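The structure under discussion appears below in the form of structure tokens.
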Amino acid sequence: MPPPATSTLGYTPPDGGWGWVVVFAAFISIGFSYAFPKSLTVFFKEIQEYFDVSYSEIAWLSSVMLASMYAAGPISSILVNRYGSRPVVMVGGLLVGLGMVLASFGTSIIHLYLCVGVIGGFGLAFNLQPALTIIGTYFHAKRPLANGLAMTGSPVVLSTLAPLNQFLFDSFGWRGSFLILGGITLNCCVAGSLMRPVKKTAAPVVSTESQSCVERFIDLSLFKHRGFLIYLVGNIVMFFGIFAPIVFLAPYAKHQGIDEYSAALLLSIFALVDMFVRPATGFVGNTKRIRPRIQYFFAFAVSLNGVCHFLCPLLPGYAGLVGYAMIFGVAFGMVCALLFETLMDLVGAQRFSSAVGLVTIIECAPVLLGPPIAGAMLDAFGDYKYMYYTCGVLMLLPGIFFFIMNYYNYKKLDEEQRRKNTAVEMKTAEDSVPQNLSQNEDLTTETEKLKS
């Protein structure tokens, strides 16, 4: 069995030291990147009534923001490869803050799409990819644990922002809330300032002058990588159904007659469970038994999400929604803790920046279309259960796909490793034959001289 993808950075990652400060900074950046679009769903019902738009139209707000975050992935990767993580994250914090301030003066839903969705989404992209990439430069042996801790930022920030947003709305309205949130997101600039480049004991391999300009920044050869393609195909299907259940959790509760604070509390419960599951998943993923086959662990987590969504419509009342939020928090936390660790396990830390950029720009389509399609289903059927059943299918199918294809991939890796070992042994044997012959000839010559 081949070990997890080894470090090809040209130096030995410190696996600690300032790296833990970088994990904390990534905790903040990743937290805002993933939690911020979800936390805005608290304002959806009021914005929907203010602009008199449908479920589908209001769902586009989070979708455009998430899709912009994913679409800007390659741009972020190029900037990280060129300038490093620190300045990119700081610029990202400024963009998110600017977008929210401009959105507070919005006069139409299109205005919000552009300010919150596009400008804010680009800012979040400049927070996400650099934070994920720099962890791989500081950690190798403890990387699953470091990734799990950094990804915990999302539920921690969400559990804080969900009730905070409700309080801000009650006190200042959605316009005032957006203005204040624009200031809060500037904390990403502080996080970026902590992302000091790692001190390298040896220079990494530099690309040759013969490469084309694009390939210096984005490794397009990944599209020939078997593991990368398996990851990409499964994730495309998965991302159609991964965010809609979160986006519509609070509106679903309100639709059942539950008050606004209790509905917002569901997001906090979900985030609280998620908060503890992510580092625990990183710890488990770092164990000797799990890490060599961590792709199976990821497949199980994806499948668990699908089963969870099938159960949601069957759980009655507010107690049932609390139970769903808890189970969903476990399943979702496992997926998020492993999402980028499994990609890094497949392609290695050296190619990770390019890999995450390519993955995110391709995933922007399902991220963009998933929640609006779910909103359109609500407009058409007037019942949330069909949306949750559909999301269950969209999570369960890629989970099964990951189990089957990763079994195939591990089997092929084992075969390739055996062939490589055999080739090395044969080459060693061939190299030793001329040496033995030369030694025999020298011995014969010496014997003849002695006889003479």
Side-chain angles (χ1 to χ4, degrees), residues 26 29-41 59-81 85 88-89 91-93 95-96 99 113-133 147 150-151 153-154 157-158 185 188 217-220 222-223 228-229 231-247 302 332 335-336 338-344 347 352-374 391 394-395 398:
S29 295
I30 294 172
F32 275 100
S33 297
Y34 277 116
F36 199 71
K38 301 169 195 171
S39 69
L40 295 180
T41 60
W60 278 100
L61 185 57
S62 284
S63 292
V64 171
M65 193 175 201
L66 287 168
S68 298
M69 181 177 78
Y70 277 71
I75 300 174
S76 180
S77 295
I78 290 172
L79 292 175
V80 170
N81 290 338
S85 294
V88 179
V89 172
V91 171
L95 282 176
V96 180
Y113 290 162
L114 293 175
C115 296
V116 177
V118 178
I119 298 176
F122 268 68
L124 295 181
F126 291 175
N127 272 268
L128 179 62
Q129 275 85 355
L132 293 169
T133 301
N147 275 321
M151 293 297 289
S154 176
V157 174
L158 180 59
T185 55
C188 294
F217 303 105
I218 296 292
D219 187 358
L220 299 179
L222 285 164
F223 287 110
F228 176 78
L229 292 177
Y231 179 92
L232 182 62
V233 171
N235 273 27
I236 289 173
V237 179
M238 181 182 75
F239 270 77
F240 272 105
I242 196 170
F243 290 120
I246 304 172
V247 170
V302 175
F332 189 81
V335 167
C336 291
L338 297 169
L339 184 63
F340 295 107
E341 172 57 33
T342 50
L343 177 59
M344 200 176 290
V347 303
F352 177 75
S353 179
S354 294
V356 75
L358 294 172
V359 165
T360 51
I361 193 172
I362 295 171
E363 288 174 350
C364 74
V367 168
L368 177 67
L369 297 176
I373 291 174
C391 290
L394 291 173
M395 296 299 291

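These figures come from a predicted structure and were not determined experimentally.
The minimum heavy-atom distance between V89 and P130, with the atom names listed, is CG2-CB, 3.5 Å. Across all their heavy atoms, V80 and S85 have their closest contact at CG1-OG, 3.9 Å. Across every non-hydrogen atom of A355 and V347, the tightest pair is CB-CG2, 3.9 Å. Shortest non-hydrogen contact noted between S76 and V88 is OG-CG1, 4.2 Å. Closest of all the heavy-atom pairs between S353 and N81 is OG-OD1, 3.2 Å. Of all the heavy atoms in A131 and S29, the pair that sits closest is CB-CB, 4.0 Å.
For F239, the ring pair (Phe, Tyr, Trp, His ring centres under 6.0 Å) partners are Y70, F243, not counting sequence neighbours. A search for side chain to side chain contact (heavy atoms under 4.5 Å, CB included) contacts involving A72 returns F122, A125, not counting sequence neighbours. Scanning for side chain to side chain contact (heavy atoms under 4.5 Å, CB included) contacts around L369 gives W60, F240, I373, with sequence neighbours left out. When the side-chain hydrogen bond (donor to acceptor under 3.5 Å, both in side chains) test is applied to T133, no partner is found at least two apart in sequence or on another chain. S154 pairs by the side chain to side chain contact (heavy atoms under 4.5 Å, CB included) definition with Y34, A35, K38, R278, not counting sequence neighbours. The side-chain hydrogen bond (donor to acceptor under 3.5 Å, both in side chains) search around S33 returns none, not counting sequence neighbours. Here I361 pairs with P74 under the side chain to side chain contact (heavy atoms under 4.5 Å, CB included) rule; sequence neighbours left out.
Side chains of F32 and N127 form no contact here, defined as non-hydrogen atoms less than 4.5 Å apart. Side chains of E363 and I242 form no contact here, defined as non-hydrogen atoms less than 4.5 Å apart. Looking at M344 and V356, their side chains never come closer than 4.5 Å, going by heavy atoms from C-beta outward. Looking at heavy atoms from C-beta onward, F352 lies in side-chain contact with L343 at the 4.5 angstrom threshold. Residues V359 and L232 are in side-chain contact: their nearest non-hydrogen atoms beyond the backbone lie under 4.5 Å apart. A 4.5 Å side-chain heavy-atom check between I30 and L128 finds at least one atom pair inside the cut-off. Side-chain contact between L358 and F228 is present, with heavy atoms from C-beta onward closer than 4.5 Å. At a threshold of 4.5 Å between non-hydrogen side-chain atoms, the residues Y113 and L61 count as touching.
From L338, atom CG reaches atom CD of E341 across 7.5 Å, with rounding to the nearest 0.5 Å. Rounding to the nearest 0.5 Å places CG of N235 at 11.0 Å from OG1 of T360. Rounding to the nearest 0.5 angstrom, the gap separating the CG atom in L124 from the OG1 atom in T185 is 8.5 Å. For the atom pair CG of L79 and CD of Q129, the computed distance is 10.5 Å after rounding to the nearest 0.5 Å.
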### Query
Given the rule in the side-chain contact (heavy atoms from CB on, under 4.5 Å) test, do F340 and N147 qualify, once you have shown the distances and angles that lead to the verdict?
CA-CA 8 Å; F340 295 107; N147 275 321; 5.5 Å; no
#### Entry: side-chain contact (heavy atoms from CB on, under 4.5 Å) between L222 and S354, intermediate numbers included
CA-CA 8 Å; L222 285 164; S354 294; 4.1 Å; yes
### Task
Determine, stepwise, if the pair I246 / F332 fulfils side-chain contact (heavy atoms from CB on, under 4.5 Å).
CA-CA 10 Å; I246 304 172; F332 189 81; 3.5 Å; yes
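No donor-acceptor pair closer than 3.5 Å links the side chain of S68 to the backbone N or O of M65.
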